Enquirer: 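Have a look at this one before I ask anything.
Residue numbers start from 1 in every chain, and the chains themselves are labelled A, B, ... in the order their sequence lines are given, proteins ahead of strands. Nothing here was measured: the structure is a model prediction, and the numbers come from that model.
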Number of protein chains: 2
Amino acid sequence: MVSRERLTKGGKQMKIDFDGIQAFVVIAELGGFNKAAEQLHITQTALTRRVQKLESYLGLKLLDRTTRYVELTSVGREFLPQARAIVAEMTAAVGRLKDMSKYARGNFTLACVPTMAAQILPTLMREYAKDHPNNRIRLLDATSYEVRDAVLNSQAELGIGILGEQRPDLTEVPLFDDPLMFFCRDSNPLSEMKSVTWSDMSDADLIVVSNLTATRAFMDYQLAKRGISLSGAYEVQHHATAISLVAAGVGCAILPASTFQEGDRPGVRRIPLVSPVVKRKVILITRKNSTLSPAAEAFHDLVKKTYPTGARA
Amino acid sequence: MVSRERLTKGGKQMKIDFDGIQAFVVIAELGGFNKAAEQLHITQTALTRRVQKLESYLGLKLLDRTTRYVELTSVGREFLPQARAIVAEMTAAVGRLKDMSKYARGNFTLACVPTMAAQILPTLMREYAKDHPNNRIRLLDATSYEVRDAVLNSQAELGIGILGEQRPDLTEVPLFDDPLMFFCRDSNPLSEMKSVTWSDMSDADLIVVSNLTATRAFMDYQLAKRGISLSGAYEVQHHATAISLVAAGVGCAILPASTFQEGDRPGVRRIPLVSPVVKRKVILITRKNSTLSPAAEAFHDLVKKTYPTGARA
DNA sequence: TGTAATTATTGCGAGATGCGCATATATTGC
DNA sequence: GCAATATATGCGCATCTCGCAATAATTACA
């Protein structure tokens, strides 16, 4: 805890006087009241008074001044480096903050599920960098649960995740729906279909993501409601792995549409999966009662602008 | 040169606001406005306004606050360490200065001729240390000329030297007269005399200090006025050497009285030297138009109190 | 030596600032 | 829903701070 004293002079309470110290530094640097006053955009009169006030506050003379020139006292010489450091630090810190405010400059942390980090973030970040070339985004890629936790406990200012159970202290805005689709090689008999139903598929050569992921949990829940279950399927941890297995001809996969852009992999087809259409909602997460930094806010706005609510992937 | 900006908000010029930053730090540390207000000895109302002013000045929120509790924003978290450092540095620096003023605390440089450094300084410094145990005196021992130079160009705040030609920018207060005396062993024929005249001495076994010192130059000048000259004398650089030679029986010496306290060396006598009495004046030197640090001023006062003007050694 | 130029200080009035008191408003806990 | 707690706001007053004009002190130059 910083020591705090209430310093008095002549009975009156006087506050620590940054202006006075700044005045002292500028006068010492420029060697005169007039030049210093000009640089500080005040009259020389006011400057005189600032110095007088500071000196009376400290009970010390910092400047020996005749009408002809100004010179540091012994105490002033000793204090100057400290004063200079204080002024420099202060103006620098305040300058940084004003930059943050004025130009939405600064860094922030974004928590994001890996799928989205791979699919939508690159474009968003490139777009963001156009307007904010110096802003660094610390990326926290984690499961949908962890994303929400990170936002809740302020490890991240923003989160991109999958809609799940509502948490009261989070604000979640839907970005787009991300339907599950069927992925197969073009040699697969189903590859030419406009859409595939769940019953069209055989469990045997099916690849799904592990039941530890939100995607899988969501899928199981949606299917269970309709009396469908997948039992014989392969399980993998990552969507990218699933795609690779499909490409290698191991089997077919059920993955969110956004996992894969048409043409990413030669020979792999992405086909709508219906009866029912199962889709997860991608959401942008912020914390309630928590003010975003301008940098994060700018990103937040960009995301919302890029994905007007309800659009599809 | 420190960058200086005049920051505006809504057309009004706003000064950098140390109070606001301090308020922010204290609130962040204590976790609430009320506790912080108490520590700062202002009302919670005033504190609220300080924070509001700071935030509006920066264009940023630093604290997310409901009526129930206070929490740092992302920007606030980032700023807190800097703010803490600024506040700590500022209060520490100001505290040091107030200590300097209130308790005459601090260090200073004293230039002094070696004779006086050896003879009167020890007592003075011991006395000074009683009231100012933590104050360090940087001692610059040098010739009388160098002492004046040091004071003139502010290498030293105070000087103790020998009266010479007046310099316009120095203030010199006489401390005591320091007459030249005759030093001999008690075996010397002159040793029992109440006083010795210049003509009583024989040049042959005389020891004087080198003509590079102020003492010697002064002595020569005073004697020349009266048509006396010493030609056959030994010359040494230091007063202490001369005393040792006397003690060893090499000869007799002419030295300032203050060189030697009665009883310093067994077998050595100090006898007044008259016709004429030649005495140099020991002076305390300060620079005109130059404010002393409280620490130096205290020493200055002590010296003047110890040697009321005109006293003898 | 005197006069002009330069530089800091002081008197004064006007406007801005900052504070405290009383009150309002919002959230939590029972 | 009510009491308790904590921050925000309306308002008036005291003080601060500024700028202008005039003063004082020192230097430079004629």
Side-chain angles (χ1 to χ4, degrees), chain A residues 6-24 26-28 30-57 61-73 76 168-169 288-291, chain B residues 6-24 26-28 30-57 61-73 76 168-169 288-291:
Chain A
R6 212 57 195 164
L7 302 156
T8 57
K9 168 81 187 180
K12 289 173 197 165
Q13 296 215 337
M14 300 188 69
K15 294 184 305 188
I16 287 187
D17 176 13
F18 178 79
D19 291 341
I21 293 177
Q22 187 188 41
F24 165 68
V26 178
I27 291 169
L30 301 185
F33 279 61
N34 282 301
K35 277 173 273 185
E38 190 185 349
Q39 180 165 343
L40 290 170
H41 305 294
I42 57 174
T43 60
Q44 171 267 332
T45 325
L47 192 57
T48 293
R49 292 227 169 77
R50 281 194 190 173
V51 174
Q52 288 173 336
K53 187 186 158 212
L54 176 65
E55 287 182 336
S56 101
Y57 169 61
K61 288 200 64 175
L62 296 174
L63 297 168
D64 277 321
R65 39 202 191 275
T66 69
T67 58
R68 210 55 197 174
Y69 52 72
V70 176
E71 204 176 0
L72 294 176
T73 63
D169 289 335
K288 270 180 186 145
N289 303 323
S290 176
T291 306
Chain B
R6 212 59 197 160
L7 300 157
T8 57
K9 167 80 188 181
K12 287 175 200 164
Q13 295 215 337
M14 300 188 71
K15 294 183 303 188
I16 288 185
D17 176 14
F18 177 79
D19 291 342
I21 293 175
Q22 187 189 40
F24 165 67
V26 178
I27 292 169
L30 301 185
F33 278 61
N34 282 301
K35 277 172 273 185
E38 190 184 350
Q39 181 165 343
L40 290 170
H41 306 294
I42 58 175
T43 59
Q44 168 265 326
T45 316
L47 192 57
T48 292
R49 292 229 168 76
R50 282 194 190 174
V51 174
Q52 287 173 336
K53 188 187 156 211
L54 177 64
E55 287 181 336
S56 100
Y57 168 61
K61 289 201 65 176
L62 296 175
L63 298 167
D64 276 321
R65 41 202 191 276
T66 69
T67 57
R68 210 57 196 171
Y69 53 73
V70 176
E71 203 176 1
L72 294 176
T73 63
D169 288 337
K288 272 181 184 142
N289 303 322
S290 177
T291 306

Enquirer: Tell me what B:Q44 touches on the nucleic acid: a base, only sugar-phosphate, or nothing, going by heavy atoms under 4.0 Å.
Expert: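 Base contact - B:Q44 has a heavy atom under 4.0 Å of at least one base atom.
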Enquirer: Could you tell me the separation between the CD1 atom of A:I42 and the P atom of D:dC16, rounded to a whole number of Å?
Expert: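 Rounded to the whole Å, the gap is 17 Å.
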Enquirer: Under the rule for side-chain hydrogen bond (donor to acceptor under 3.5 Å, both in side chains), what residues qualify as partners of A:R65, not counting sequence neighbours?
Expert: A:E55
Enquirer: Just to verify, what does B:D17 make a side-chain hydrogen bond (donor to acceptor under 3.5 Å, both in side chains) with, not counting sequence neighbours?
Expert: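 Partners of B:D17 under the side-chain hydrogen bond (donor to acceptor under 3.5 Å, both in side chains) test: none.
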Enquirer: Between A:Q52 (CD) and D:dC16 (P), how many Å, whole number?
Expert: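 Atom-to-atom, A:Q52 to D:dC16, this comes out as 14 Å.
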Enquirer: Report the nucleotide, chosen from D:dT17, D:dG19, C:dT9, that has the shortest atom-to-atom distance to any side-chain atom of A:A46.
Expert: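 Of the candidates, D:dG19 comes closest.
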Enquirer: The side chain of A:T48 is closest to which nucleotide in this list: D:dA8, C:dG20, C:dT10?
Expert: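 Nearest listed nucleotide: C:dT10.
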Enquirer: In whole Å, what is the span from the CG atom of B:L40 to the C1' atom of C:dC19?
Expert: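 Rounded to the whole Å, the gap is 14 Å.
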Enquirer: What is the distance, rounded to the nearest whole Å, between atom CZ of B:F18 and atom P of C:dT17?
Expert: 20 Å
Enquirer: For A:K35 and C:dA8, what is the distance between atoms NZ and P respectively, to the nearest whole Å?
Expert: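 Nearest whole value for this atom pair: 9 Å.
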Enquirer: Expressed in angstrom and rounded to an integer, what is the separation of A:E71 atom CD from C:dA8 atom C1'?
Expert: 15 Å
Enquirer: For B:T45, enumerate each residue passing the side-chain hydrogen bond (donor to acceptor under 3.5 Å, both in side chains) test, keeping only those at least two apart in sequence or located in another chain.
Expert: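 Result, side-chain hydrogen bond (donor to acceptor under 3.5 Å, both in side chains) vs B:T45: none returned.
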Enquirer: Which heavy atom of A:G32 sits nearest to which heavy atom of A:V70, and what is that distance?
Expert: CA-CG2, 4.4 Å
Enquirer: Could you check A:N289 against B:T45 and say which one's nearest nucleotide on DNA chain C is further toward the 5' end?
Expert: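 That would be B:T45.
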Enquirer: Which atoms form the tightest heavy-atom contact between A:L47 and A:A37, and what is the distance?
Expert: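 So the two residues come closest at CD2-N, 3.5 Å.
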Enquirer: Might you point out which heavy atoms bring B:A36 and B:V26 nearest each other, and give the distance in Å?
Expert: CB-CG1, 3.6 Å
Enquirer: Whole angstrom is fine here: how far is it from CD in B:E38 over to P in D:dT7?
Expert: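 My rounded result for the distance is 12 Å.
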Enquirer: Using whole Å, what does the distance between atom P of nucleotide D:dA8 and atom CG of B:L47 come to?
Expert: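 Atom-to-atom, B:L47 to D:dA8, this comes out as 9 Å.
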Enquirer: Let's see if you can work this out: which of D:dC20, C:dA8, C:dC21 has an atom nearest to the side-chain heavy atoms of A:V70?
Expert: C:dA8
Enquirer: Counting just side-chain N and O atoms, does A:K53 come under 4.0 Å of either OP1 or OP2 of D:dT17?
Expert: yes
Enquirer: Given D:dT7, D:dT17, C:dT9, which nucleotide is nearest the side-chain atoms of B:R65?
Expert: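 Nearest nucleotide to the side chain: D:dT7.
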Enquirer: Would you indicate what A:N34 reaches in the nucleic acid, counting non-hydrogen atoms under 4.0 angstrom: base, sugar-phosphate, or nothing?
Expert: sugar-phosphate
Enquirer: Could you pull out the closest heavy-atom pair between A:D19 and B:I16, with the gap in Å?
Expert: OD1-O, 4.2 Å
Enquirer: List, with names and distances, any nitrogen or oxygen atoms from the protein found under 3.5 Å away from nitrogen or oxygen atoms belonging to nucleotides 25-29 of chain D.
Expert:
from   : atom 1 : to    : atom 2 : distance (Å)
D:dA25 : N3     : A:T67 : OG1    : 3.2
D:dT26 : O4'    : A:T67 : OG1    : 3.1
D:dT27 : O4'    : A:R68 : NE     : 3.3

Enquirer: Consider the side chain of B:R49, meaning its heavy atoms from C-beta on, and name the nucleotide among C:dG18, D:dG19, C:dG20 that approaches it most closely.
Expert: C:dG20
Enquirer: Does A:I21 reach the side chain of B:F18, with side-chain heavy atoms less than 4.5 Å apart?
Expert: no
Enquirer: Hey, what bend do you get for the helix from C:dT1-D:dA30 to C:dC30-D:dG1 if you fit axes on five pairs at each end, rounded to 10°?
Expert: 30°
Enquirer: Could you list the residues that satisfy salt bridge (Lys or Arg N to Asp or Glu O under 4.0 Å) with A:D169, not counting sequence neighbours?
Expert: none
Enquirer: Under a 3.5 Å threshold, yes or no: a donor from one side chain and an acceptor from the other, between B:T73 and B:D64?
Expert: no
